[in-house]
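Here's the structure we're looking at; comments come further down.
Order of the sequence lines sets the chain letters (A, B, ...), proteins ahead of strands, with each chain counted from 1. All values reported here derive from a predicted model rather than from experimental measurement. Atom set for the values below is all heavy atoms of this structure, side chains included, hydrogens, waters and symmetry mates excluded.
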Protein chains: 2
Amino acid sequence: MITEMYEIQAGLFKALMHPARLAILDILRQGEECVCHMEALLGYRQAYISQQLMTLRKVGLVEDRRDGWNIFYRVTRPDIYAVIDAMNEFVGQKPALAAHSTRLREEKCPCPKCNLATEAVGN
Amino acid sequence: MITEMYEIQAGLFKALMHPARLAILDILRQGEECVCHMEALLGYRQAYISQQLMTLRKVGLVEDRRDGWNIFYRVTRPDIYAVIDAMNEFVGQKPALAAHSTRLREEKCPCPKCNLATEAVGN
DNA sequence: TCAGGATATACACATTTTCGAATGTCATTT
DNA sequence: AAATGACATTCGAAAATGTGTATATCCTGA
């Protein structure tokens, strides 16, 4: 059937159809990050972010890895960014967080990865 | 606000989130086509296609032009295909209709554009 | 084993999307 | 002007999605 592959694609577009999920994927450009980090960065509540991560997990766009208290998420197939970047081109803008990448480590986050960074700065 | 541009992008992804709309956009790769043509090609009912076209129109992806009885649609900004092609790459497949492009003129469609083609073949 | 931190899941409800059926609109032909 | 062809729009019900609140799970440290 001709529509079969359109449905696969539509399913992936559906996962990209949400602002919060786009923001999360943008954060994950720099590699894996813990949930508490996205929480601090995006200002959403924990359960909300967890729900969006679940959606991304269901379509196989992200994977998680537990490390002690924290769970780190990473993008499974980075070539999804080709799609997102093409859309960035289309709307004529750069990824929002890329422009604010300094914020990525400035936000308070209790996870060891972030504390490592802030300790280096000397908090 | 950081989420503002994510919402714009999400809105466009939302338009691409539907199999029928992806199929329509795929048909429009070869230039403008009338509604009856998509009807014949895709096998959907007229109102259904019209609804999907309305969605694409609302986000500015397609424009229409009346010519007598028929209304021809065309893609406003062809660079949207960069996004779709990136997704094609991601799922590792070619556009379905491109593989069936011979069908594009084989289907029966009453519009003058199609009859022009079939007359040339000598029906 | 118990308390607590980090995260996931369940549930409920409002909103949106989907899609069929009916109807409306506009241009053309007679 | 009436009939007809090609499309568009509206309406309504079912399904899916969005999001807040509550609760469960899993790990760690005491």
Side-chain angles (χ1 to χ4, degrees), chain A residues 3 6-7 10-24 27-28 32-59 62-74 107-115, chain B residues 3 6-7 10-24 27-28 32-59 62-74 107-115:
Chain A
T3 63
Y6 289 124
E7 279 167 15
L12 283 162
F13 279 129
K14 198 177 292 193
L16 299 178
M17 162 189 99
H18 196 288
R21 294 197 287 269
L22 289 175
I24 288 174
I27 289 178
L28 293 181
E32 68 174 13
E33 296 286 354
C34 63
V35 177
C36 62
H37 195 76
M38 310 182 203
E39 207 177 332
L41 253 181
L42 299 177
Y44 294 125
R45 286 164 305 102
Q46 177 269 320
Y48 184 81
I49 290 184
S50 207
Q51 284 167 352
Q52 305 304 151
L53 284 169
M54 183 178 4
T55 299
L56 291 173
R57 225 183 315 126
K58 276 181 182 168
V59 296
V62 301
E63 286 175 343
D64 59 311
R65 171 182 74 87
R66 164 151 246 144
D67 182 10
W69 278 342
N70 306 286
I71 292 188
F72 288 85
Y73 277 87
R74 66 178 174 283
E107 297 298 323
K108 297 287 171 265
C109 170
C111 79
K113 184 177 178 185
C114 294
N115 285 334
Chain B
T3 63
Y6 289 124
E7 281 168 13
L12 283 163
F13 279 129
K14 197 177 293 192
L16 299 179
M17 161 189 99
H18 195 289
R21 293 197 286 272
L22 289 174
I24 288 175
I27 289 179
L28 294 181
E32 67 175 14
E33 295 287 356
C34 61
V35 177
C36 62
H37 196 76
M38 310 181 203
E39 209 178 329
L41 253 182
L42 298 177
Y44 294 125
R45 287 166 304 103
Q46 176 268 319
Y48 184 80
I49 290 185
S50 208
Q51 284 169 349
Q52 307 303 151
L53 284 170
M54 183 176 9
T55 300
L56 292 173
R57 228 185 311 126
K58 276 181 182 169
V59 297
V62 301
E63 285 175 343
D64 58 312
R65 172 182 72 86
R66 164 153 246 142
D67 182 10
W69 277 341
N70 307 286
I71 292 188
F72 288 85
Y73 277 85
R74 66 178 174 282
E107 297 298 323
K108 297 287 172 264
C109 171
C111 81
K113 184 177 177 185
C114 294
N115 285 334

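Rounded to the nearest 0.5 Å, atoms CE (A/M54) and CG (A/L56) are 10.5 Å apart. Atom CG in A/L42 sits 9.5 Å away from atom OH in A/Y48 (nearest 0.5 Å).
Distance, B/Y44 OH to C/dT18 P: 12 Å, rounded to whole Å. When the C1' atom of C/dA27 is taken as reference, atom CZ of B/R65 falls 15 Å away, rounded to whole Å. Regarding A/I24, its CD1 atom lies at a distance of 13 Å from the C1' atom of C/dT7, rounded to whole Å. In this structure, B/E7 atom CD and D/dG18 atom C1' are separated by 13 Å, rounded to whole Å. In this structure, A/Q52 atom CD and C/dT9 atom C1' are separated by 14 Å, rounded to whole Å. Rounded to an integer number of Å, the gap from CG of B/L42 to P of D/dC7 is 13 Å. The nearest whole Å value for the distance from the NZ atom in B/K14 to the P atom in D/dG18 is 8 Å. C/dT18 atom C1' lies 13 Å from atom NZ of B/K58, rounded to whole Å.
Side-chain N/O atoms of B/N70 include none lying less than 4.0 angstrom from OP1 or OP2 on D/dG5. At C/dA6, none of the side-chain N or O atoms of A/H37 fall inside 4.0 Å of OP1 or OP2 (strictly under the cut-off).
Taking both residues in full, the closest heavy atoms of A/I27 and A/L41 are given as CD1-CD1, 3.6 Å, listed atom of the first, atom of the second, then distance. B/G11 and B/V59 get closest at one heavy-atom pair: O-CG1, 4.3 Å. Across A/M17 and B/F13, no two heavy atoms sit closer than the pair CA-CB, 3.9 Å.
With sequence neighbours excluded, no residue forms a ring-ring contact (aromatic ring centres under 6.0 Å, His included) with A/Y73.
The backbone N or O of B/A15 lies less than 3.5 Å from a partner atom in the side chain of B/R21, making a donor-acceptor pair.
Within the nucleic acid shown, A/M17 comes within 4.0 Å of sugar-phosphate atoms alone, with no base atom in reach, counting heavy atoms only.
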Output one letter per nucleotide in nucleotides 25-30 of chain D: B when a protein non-hydrogen atom lies under 4.0 Å from the base, S when only the sugar-phosphate is that close, - when neither is. -BBS--
Quick one: which protein N/O atoms are closer than 3.5 Å to N/O atoms of nucleotides 8-13 of chain D? Pair and distance per line, please.
residue	atom	partner	partner atom	Å
D/dA8	OP1	B/Y73	OH	2.3
D/dA8	OP2	B/S50	OG	2.4
D/dA8	O5'	B/S50	OG	3.2
D/dA8	N7	B/Q46	NE2	2.8
D/dA8	N6	B/Q46	OE1	3.4
D/dT9	OP2	B/R57	NH2	3.4
D/dT10	O4	B/Q51	NE2	2.9

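Under the 4.5 Å side-chain criterion, counting only non-hydrogen atoms from C-beta, B/L28 is in contact with B/E33. Using a 4.5 Å heavy-atom threshold, the side chains of A/N70 and A/C36 count as touching.
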